[in-house]
2 protein chains.
Amino acid sequence: MTAAHAAVDRIGDHPDAADITLQRILEAFADPVRRSIVRQIANAPDDTACGTFDISVTRSTGTHHFRVLRQSGLIRQYYVGTSKMNTLRRDDLEQAFPGLLDALIAAANREAAAARGAQDASQEP
Amino acid sequence: MTAAHAAVDRIGDHPDAADITLQRILEAFADPVRRSIVRQIANAPDDTACGTFDISVTRSTGTHHFRVLRQSGLIRQYYVGTSKMNTLRRDDLEQAFPGLLDALIAAANREAAAARGAQDASQEP
DNA sequence: TCCATCGTACGACGCCCATCGTACGACCCC
DNA sequence: GGGGTCGTACGATGGGCGTCGTACGATGGA
């Protein structure tokens, strides 16, 4: 078995595009940590490694959240060496629920911007 | 105090448009019963009374779901006699998160259509 | 006035989920 | 080969939420 094969085999549980359900998408997106993860992936120019995320939970909890995102169909994961890369499944989601992902990301960005604004305002003299 | 005043006073807890948060919107929409309620309101030509909804839970549970929807800012409620009417807060939501409500409703309708399709298919000979 | 209906309040219950700590396997680099 | 890093697995735990039953207030009609 080649190294490439091993790397591929280490990932499981990506649902087919046809099996993506709104229920799982919303459950996944309703959690603040996962929403932040999706935002960071969406706003990054390239695919992002798990370790480079700015999250406020333990590694094991992080693993849990990435699994939920993967099983919901929101993200696709693949190994590069020891680090796991993440991408949004834009095409599959567009096919399943057109316009939904863009609207969710836009809303999440707006939410984050509002949070930053509130924080800045509270720090003013 | 007039009857109209009493009717108004009997409703509480509508958040201001500026206080609508994505967190609450998503939590509200992530529940299947509440999602079905929002769909029925969105697809009805006029405002809908609580009692006329097709929901699969008890009245008391229904009250709970309507309260969550109201406190999230998704719906506005007002009394007409003894029955409570429901409307989507389209304008306020559009201001808070442009395009989000339409995308969510479209996705929910698509989800419901898929569920109907699956059911019909399973009933074929 | 009396009753039927609509919605609410409150308490109870059960389940699911986010979180963590620890131990382990996989991989890269020296 | 050996240590260090990255991610996972597993069990435990605590809290929150959906659900219900029952009892109660408000309204409208007979």
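By convention in this document, chain letters (A, B, ...) are assigned in the order of the sequence lines, proteins followed by strands, and residues within each chain are numbered from 1.
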A.B. asks: Report, as a single string ordered 5' to 3', how protein heavy atoms within less than 4.0 Å touch nucleotides 9-18 of chain D: B base, S sugar-phosphate only, - not at all.
C.D. replies: B--------S

A.B. asks: Check for a donor-acceptor pair, side chain of A:Ser83 on one end and backbone N or O of A:Tyr79 on the other, with a separation under 3.5 Å.
C.D. replies: no

A.B. asks: Are A:Ile75 and A:Thr87 side-chain neighbours, meaning at least one heavy-atom pair lies under 4.5 Å?
C.D. replies: no

A.B. asks: Output the residues of residues 36-44 of chain A in contact with DNA chain D, where contact means a heavy atom of the residue under 4.0 Å from an atom of the strand; sort by number or write none.
C.D. replies: none

A.B. asks: Using modelled atom types and a 3.5 Å cut-off, is there a donor and acceptor pairing between side-chain atoms of A:Arg34 and backbone atoms of A:Phe29?
C.D. replies: no

A.B. asks: Roughly, in whole Å, what's the span from CD1 in B:Ile55 to P in C:dC6?
C.D. replies: 12 Å

A.B. asks: Grab the OH-C1' distance between A:Tyr78 and C:dA26 for me, whole Å please.
C.D. replies: 19 Å

A.B. asks: Look at the side chain of B:Thr58 and the backbone N and O of B:Thr61, then say whether any donor-acceptor pair between them is shorter than 3.5 Å.
C.D. replies: no

A.B. asks: Take the C1' atoms of the five end pairs on each side of the helix from C:dT1-D:dA30 to C:dC30-D:dG1, get both axes, and report the angle to 10 degrees.
C.D. replies: 30°

A.B. asks: Could you tell me the separation between the CZ atom of A:Arg59 and the C1' atom of C:dC20, rounded to a whole number of Å?
C.D. replies: 12 Å

A.B. asks: Could you state whether B:Phe53 and B:Val38 fall into the same hydrophobic cluster, counting links through intermediate Ile, Leu, Val, Met, Phe, Trp or Tyr residues with side-chain heavy atoms under 4.5 angstrom apart?
C.D. replies: yes

A.B. asks: I want to check one thing: is the phosphate of C:dC6, taken as OP1 and OP2, less than 4.0 Å away from some side-chain N or O of B:Thr82?
C.D. replies: no

A.B. asks: Is there a donor-acceptor contact under 3.5 Å from the side chain of B:Asp31 to the main chain of B:Val33?
C.D. replies: yes

A.B. asks: Look only at the side chain of A:Ser72 and the backbone of A:Leu74, and say whether a donor-acceptor pair between them is shorter than 3.5 Å.
C.D. replies: yes

A.B. asks: Backbone N or O of B:Gly99 within a donor-acceptor pair of the B:Glu94 side chain at under 3.5 Å?
C.D. replies: yes

A.B. asks: What is the distance from CG of A:Leu69 to C1' of C:dA18, rounded to the nearest Å?
C.D. replies: 13 Å

A.B. asks: Between C:dT5 atom C1' and B:Lys84 atom NZ, what is the distance in whole Å?
C.D. replies: 15 Å

A.B. asks: Rounded off to whole Å, could you give me the CZ-to-C1' distance for the B:Phe53 and C:dG7 pair?
C.D. replies: 14 Å

A.B. asks: Quick one: A:Gln77 CD to D:dG7 P, roughly how many Å, whole number?
C.D. replies: 10 Å

A.B. asks: Indicate yes or no: does A:Arg39 engage A:Glu111 in a salt bridge with an N to O separation below 4.0 Å.
C.D. replies: no

A.B. asks: Where the side chain of B:Gln71 meets the backbone of B:Pro15, is there a donor-acceptor pair that is under 3.5 Å apart?
C.D. replies: no

A.B. asks: Report yes or no: does B:Asn86 contribute a side-chain atom to a donor-acceptor pair with the main-chain N or O of B:Thr48 at less than 3.5 Å?
C.D. replies: yes

A.B. asks: Round to a whole Å and report the spacing from CZ of B:Phe66 to C1' of C:dG7.
C.D. replies: 11 Å

